[in-house]
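The block underneath contains the structure these notes are about, expressed in structure tokens.
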Amino acid sequence: MRKVYFDHAATTPVDPAVAELVMKYTTEHFGNPSSIHNFGREVKKAVEHAREQVVKAIGASHVGEIAFCSGGTEAANMAIRGAAYANKQKGNHIITTAVEHHCVLSTCEQLAKEGFEVTVLPVDQYGRVSVEDVRNALTDKTILVSIMHANNEVGTIMPIAEIGKMLKSQDRKIIFHTDAVQSIGKLPVNVDDLNVDILTFSGHKIYGPKGIGAMYLRRGTWWQPIMYGGGQERRRRPGTENAPGIIGLGKAVEIAVENREEYAEKLTKLREKLVDRVLNSIPNVKLNGHPTECIPGHASFCFEFIEGESMLLSLDMLGIAISSGSACTSGSLEPSHVLLAMGIPKEIAHGSLRVSMGKYNTEEDVDYFVDNLIPIIERLRKMSPLAGSASCTPCACASCDENKK
Ligand SMILES: Cc1ncc(COP(=O)(O)O)c(C=O)c1O
């Protein structure tokens with residue numbers, strides 16, 4: 001059976017060049033980078049090389065601005081909690097959006113329980129927050145704004161550079177964090193162009209290892225650690241470093257950024273073909289997220305009258321791996337918070353599918369997916385009690401008509 005992996009927003013296969021390095025620094029060069037003997041020193045050197053690779057990839061100015069940690073979730077916790085507590089004397093107000101990953105939303109919810117005031121901004125029908133809404137939400141107590149670069153469910157790109165510029169023009173310093181887990185390697189990510197103070201990302205979304213991530217912290221940004229222990233990572237993240245992971249992440253980010261334009265061009269074409277075929281061959285389907293301001297290779301749909309899980313399982317039986325929402329929320333019967341925030345009614349949000357293609361996918365994969373999806377949708381709709389009346393709800397009709405223009 002053909003196997004098609006269309007779930008790169010959940011995780012990616014490790015690039016062979018990365019895997020080779022990880023293996024080497026797991027078996028051959030296994031020293032603790034804090035040890036002063038040769039076993040430790042050679043690993044330390046490779047860890048510092050990885051830090052330089054990250055600096056170069058995101059346009060940072062100094063290796064001291066990069067701290068490695070266990071992944072995108074920990075990095076976001078470090079970014080938000082660390083900035084919130086370090087700046088508590090100046091204010092207690094934090095701004096974020098309704099479509100963030102749970103690592104940001106739940107961290108902000110927890111801070112609200114700890115006495116911070118959190119504003120969760122709405123988004124438009126495509127999942128974008130407006131610069132004006134961010135500006136209007138600012139108060140003289142605002143210390144931090146945390147907004148993702150690209151959404152993990154619908155792929156929509158946020159106006160990060162514009163928001164950063166607006167925040168910079170304020171009289172007082174407001175720290176700006178962006179979660180770039182889904183954008184790095186797919187979009188240009190340069191911390192100066194994006195006007196951000198803190199940027200976080202993860203290894204396993206860019207063909208690197210799982211359980212490794214990084215936080216960029218602009219020099220001069222007030223921040224404090226959230227964990228205490230040894231002096232590793234300039235006291236920003238204590239604990240013996242995951243050296244193979246760090247070294248693998250360095251290589252992965254280097255490959256991802258060096259080849260970004262080539263991958264983006266290929267994935268944009270694959271997405272166009274897939275979206276075109278799905279919208280033109282299946283009735284009552286809505287494309288979620290922004291039609292053009294979207295990460296390459298990413299497409300999210302809502303199919304009326306059916307459950308995302310039933311589509312996912314039917315496709316899985318044919319060797320096609322896909323997600324019915326974000327990896328963290330699939331398995332839960334609650335519809336995606338992102339789709340609901342975009343104004344999609346609950347019953348339609350239940351029928352969502354997320355396709356996220358990667359650098360190894362081909363046009364044949366797209367054809368295999370769509371050729372199999374069409375009969376699956378037909379079969380599931382025949383079985384669906386919701387499809388009995390077979391008339392579109394007003395919302396979905398408006399959307400699918402719009403999509404087909
Ligand atoms: C936008 C976004 N942020 C953060 C994370 C968490 O990253 P990690 O899995 O490395 O903890 C994810 C993972 O899906 C994500 O998509």
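In listed order, ligands and their atoms are each counted from 1. None of these values were measured; they are calculated from a predicted model.
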Check your understanding: Hey, does Lys205 sit under 4.0 Å from ligand 1 if you only count heavy atoms?
Key -> yes

Review point. For Asn77 and Thr107, what are the C-alpha separation, side-chain angles and deciding distance, and is it a side-chain hydrogen bond (donor to acceptor under 3.5 Å, both in side chains)?
Key: CA-CA 6 Å; Asn77 272 263; Thr107 302; 3.3 Å; yes

Check your understanding: For ligand 1, which atoms sit closer than 4.0 Å to a heavy atom of Asp179?
Key -> 1 (C), 2 (C), 3 (N), 4 (C)

**Study point:** His204: numbered ligand 1 atoms lying under 4.0 Å from its heavy atoms
**Key:** 8 (P), 9 (O), 10 (O)

Please list every donor-acceptor pair under 3.5 Å in which a side-chain atom of residues 293-300 meets a protein atom from a residue at least two apart or in another chain.
from: His298; atom 1: NE2; to: Glu153; atom 2: O; distance (Å): 3.0
from: Ser300; atom 1: OG; to: Asn288; atom 2: ND2; distance (Å): 2.9

Practice item. List every atom of ligand 1 that sits less than 4.0 Å from any heavy atom of Gly71, numbering the atoms from 1 in the order shown and giving each element. Key: 10 (O)

Point to revise | Any pair counted as ring-ring contact (aromatic ring centres under 6.0 Å, His included), so long as it reaches residues 106-125, sequence neighbours left out | key: Tyr85-Phe116

Exercise for review: Please determine if Lys141 and Glu117 form a salt bridge, counting it only when a charged side-chain N lies under 4.0 Å from a carboxylate O.
Suggested key: no

Review point. Ser146 and His177: side-chain donor and acceptor closer than 3.5 Å?
Key: yes

Study note, to complete from the structure: Taking only non-hydrogen atoms of Met148 and a 4.0 Å limit, the atoms of ligand 1 in range are 1 (C)

Review point. Are any of the N or O atoms of Cys103 closer than 3.5 Å to those of ligand 1?
Key: no

Check your understanding: Is there any N or O on Glu74 that sits under 3.5 Å from an N or O of ligand 1?
Key -> no

Check your understanding: Rounded to the nearest 0.5 Å, how far does CZ of Phe369 lie from CD1 of Ile322?
Key -> 3.5 Å

Exercise for review: Indicate whether any N or O donor in one side chain lies under 3.5 Å from an N or O acceptor in the other, for Glu109 and Ser106.
Suggested key: no

Exercise for review: Identify, by atom number and element, the atoms of ligand 1 in contact range of Ser202, meaning under 4.0 Å from any of its heavy atoms.
Suggested key: 8 (P), 10 (O)

Check your understanding: Out of His93, Gln170, Lys90, which residue meets the side-chain contact (heavy atoms from CB on, under 4.5 Å) rule with Thr142?
Key -> His93

**Study point:** Enumerated ligand 1 atoms positioned under 4.0 Å from heavy atoms of Gln182
**Key:** 1 (C), 15 (C), 16 (O)

Study note, to complete from the structure: The option among His101, Glu100, His102 carrying the non-hydrogen atom nearest to atom 15 (C) of ligand 1 is His101

Study note, to complete from the structure: Under 4.0 Å between heavy atoms, the region of Thr73 that gets near ligand 1 turns out to be both

